[in-house]
Amino acid sequence: MTGMTAPAVRDGLHPWQQALRAQFPIITGHPELAYLDSAATAQKPRAVLDAVQTYLTTGNANSARGTYTWANRTTELVERTRERVARFLGDDRPERSAVHFTSGATEGLRTIARDWLPGFLRDGDEIVVPDADHRANIEPWLEAQRLLAGAGVRVRVVPMPYQSGSGDYDHRALAERAGPRTRFVAATHVHHVYGGDMNVHRIRGAVGPDAVICLDAAQSVGHLPVSVAELDVDFVVFSGHKALALPGSGAVWARQERGPAFVPGGWSGTPNTVGIASLEAALDWLDAAGVERIERWTAGLAARLTDGLRRLDAYEVLGCPLSLAADSTVQRRRGIVTLRHRAVESGDLGFVLFSHGFMVRSDNHCQGDAGEKTGSVRVSLHVYNTVEEIDRLLSVLASLS
């Protein structure tokens with residue numbers, strides 16, 4: 001290892017991490033490759049793969065539509081996993097909340113916008129939209145505004161304010177923009193480009209006790225501890241595939257205290273039972289591994305990477321400039337580091353990195369219109385990534401300086 005010692009390594013997590021890395025067949029099966037795109041989708045541990053195979057080969061059936069053993073077990077699986085999701089999110093009042101399964105975060109956000117928000121808003125109300133976040137947390141709210149306008153209900157969109165240069169929310173400016181008609185706030189827990197914790201716990205103080213807060217937690221659930229009790233939000237939406245479960249799985253958690261009860265519209269068809277089985281197994285695996293330690297490990301790797309990039313003049317790191325050093329007291333990156341080469345286009349840099357065995361994302365990352373206009377390379381980490389991979393990546397990047 002180099003002289004740059006990440007906090008997570010100093011904490012003695014290396015043996016723990018090596019034992020967990022060994023549980024990912026796709027990772028251990030390709031030692032020549034470094035998968036650095038977990039913000040797009042995370043790889044799956046053996047326990048999740050085994051749970052899927054066991055379900056499909058021993059009890060696959062529809063839910064809430066039969067009285068035979070397999071159907072009953074599937075119904076129990078679905079209801080048990082609802083409770084599992086609430087518990088994983090630190091829900092201190094699960095008897096009042098609700099969990100609805102979706103195909104992922106995008107569908108979850110659209111379901112809230114389509115089936116719940118129109119019944120909550122009145123003519124003249126305001127909604128806060130984070131137009132420099134992921135489009136999945138922007139477009140549904142704008143679509144809802146257009147639908148309401150067609151029905152004669154005027155809703156004003158208030159752009160979420162951001163701090164210049166860092167990409168963090170500006171909570172003081174938000175408090176100035178929010179008023180008595182601010183009824184709904186869409187926010188992101190961890191930014192998918194800047195990698196920062198967006199300090200969502202400060203939003204409640206900025207917008208008051210009555211506004212509904214909807215949290216896109218696609219980049220936090222499964223990556224760091226999430227407590228709905230501490231955050232005081234009304235909706236949490238996440239994708240299962242970014243939390244070690246299968247693609248096509250996800251959930252909406254609804255507090256059910258502000259506004260009408262959240263009940264998705266339309267006929268409820270067959271749920272993705274195998275995806276739900278994978279989600280239960282993934283949450284069990286994450287709890288056993290320790291999400292706090294996963295956060296510490298990935299934050300340590302991100303600090304090591306940003307500290308190394310700070311020494312390379314050819315690169316710009318997006319996001320808070322104060323969180324670049326491994327010894328920074330304001331280090332808040334959560335396993336995502338996005339960078340640009342000052343002379344090499346991001347798509348070309350992505351191809352070059354893959355030729356050296358690194359799988360990264362290189363484009364504009366589905367960011368909204370108020371976000372970055374120029375493409376960049378995103379490195380996103382999970383528990384299966386290693387210090388050696390970061391050091392090797394820095395060596396390759398240095399050779400391109």
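When reading the values below, keep in mind they use all heavy atoms of this one structure, side chains included, and skip hydrogens, waters and symmetry mates. Residues take their numbers from the sequence shown, with the count starting at 1.
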[atom1]-[atom2] distance between [X] and [Y], expressed to the nearest 0.5 angstrom:
X	Y	atom1	atom2	value
Gln53	Thr58	CD	OG1	9.5 Å
Thr298	Asn385	OG1	CG	9.0 Å
Asp123	Arg156	CG	CZ	14.0 Å

Relative to the ring of [Y], is the ring of [X] parallel (under 30°), tilted (30 to 60°) or perpendicular (over 60°)?
X	Y	result
Tyr169	His171	perpendicular
Trp116	Phe184	tilted
His14	Trp297	tilted

Just checking Gln18: does its CD atom have more than 12 heavy atoms from other residues, nucleotides or ligands closer to it than 6.0 angstrom?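 Yes, enclosed.
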Check this for me: Leu56, atom CG, are more than 12 non-hydrogen atoms of other residues, nucleotides or ligands nearer than 6.0 Å?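 Result for CG/Leu56: enclosed.
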Is it the case that the side chains of Tyr194 and Thr338 hold a donor-acceptor pair, with the cut-off being a distance below 3.5 Å and no angle test?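 There is no such pair (donor and acceptor under 3.5 Å, judged by atom type) between the side chains of Thr338 and Tyr194.
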When you measure from the side chain of [X] to the backbone N and O of [Y], does any donor-acceptor pair fall under 3.5 Å?
X	Y	value
Asp115	Gly265	yes
Gln256	Phe262	yes
Thr188	His191	no
Ser355	Val352	yes
Arg183	Pro180	no
Glu280	Ala277	no
Asp348	Glu345	no
Ser103	Gly248	no
Asn137	Ala187	yes
Ser249	Ile276	no

Please identify which of these residues, Ile336, Leu318, Asp133, meets the side-chain contact (heavy atoms from CB on, under 4.5 Å) condition with Val193. Leu318
Indicate yes or no: at least one non-hydrogen side-chain atom of [X] is less than 4.5 angstrom from one of [Y].
X	Y	result
Leu109	Cys214	yes
Val85	Leu283	yes
Phe101	Asn272	no
Lys242	Ser38	no
Tyr384	Leu20	no
Phe24	Lys44	no
Trp141	Ile112	yes
Glu257	Arg93	yes

How would you list all residue pairs meeting salt bridge (Lys or Arg N to Asp or Glu O under 4.0 Å) that involve residues 157-167, not counting sequence neighbours? none
Pairs flagged by salt bridge (Lys or Arg N to Asp or Glu O under 4.0 Å) wherever residues 369-385 is involved - sequence neighbours left out: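 Qualifying pairs: Asp37-Arg378, Arg135-Asp369, Arg340-Glu372.
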Sequence neighbours left out, what passes side-chain contact (heavy atoms from CB on, under 4.5 Å) with [X]? Give chain and number order.
X	answer
Arg146	Leu142, Glu143
Val228	Leu89, Asp91, Val236, Trp253, Arg255
Thr182	Glu126, Val128, Ala178, Val185
Asn72	none

Of the non-hydrogen atoms in [X] and [Y], which two are nearest, and what is the gap between them?
X	Y	answer
Leu77	Thr273	CD2-O, 3.9 Å
Ser220	Val226	OG-CG2, 3.9 Å
Pro45	Gln43	CD-O, 4.0 Å
Val237	Gly108	CG1-CA, 3.9 Å
Thr102	Ala251	OG1-N, 3.7 Å
His241	Ala40	CE1-O, 2.9 Å

Taking 4.0 angstrom as the limit, do [X] and [Y] come out as a salt bridge?
X	Y	answer
Glu139	Arg110	no
Asp391	Arg304	yes
Arg84	Asp284	yes
Asp170	Arg172	no

Tell me every residue that passes salt bridge (charged side-chain N to carboxylate O under 4.0 Å, His left out) with Arg82, counting only those two or more places apart in sequence or in another chain.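 Scan of Arg82 (salt bridge (charged side-chain N to carboxylate O under 4.0 Å, His left out), adjacent residues dropped) gives Glu79.
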Of all residues at least two apart in sequence or in a different chain, which pass the salt bridge (charged side-chain N to carboxylate O under 4.0 Å, His left out) check with Asp234? Arg204, Arg258
Side chain to side chain donor-acceptor pair (under 3.5 Å) evaluation trace for His100 with Thr111: CA-CA 10 Å; His100 172 68; Thr111 300; 5.1 Å; no
Residues that Phe238 engages under ring-ring contact (aromatic ring centres under 6.0 Å, His included), provided they are two or more places apart: none
I'd like to check the side-chain hydrogen bond (donor to acceptor under 3.5 Å, both in side chains) partners of [X]; sequence neighbours left out, ordered by chain and number.
X	answer
Glu230	none
Arg96	none
Gln219	none

Evaluate Leu381 against Ile390 for side-chain contact (heavy atoms from CB on, under 4.5 Å), listing each step before the verdict. CA-CA 10 Å; Leu381 308 161; Ile390 296 302; 3.9 Å; yes
Worked check of side-chain contact (heavy atoms from CB on, under 4.5 Å) between Leu393 and Leu305: CA-CA 8 Å; Leu393 174 63; Leu305 177 56; 4.1 Å; yes
Could you check, using the six-membered ring where one of them is a Trp, whether His223 and His382 have ring centers closer than 6.0 angstrom? yes
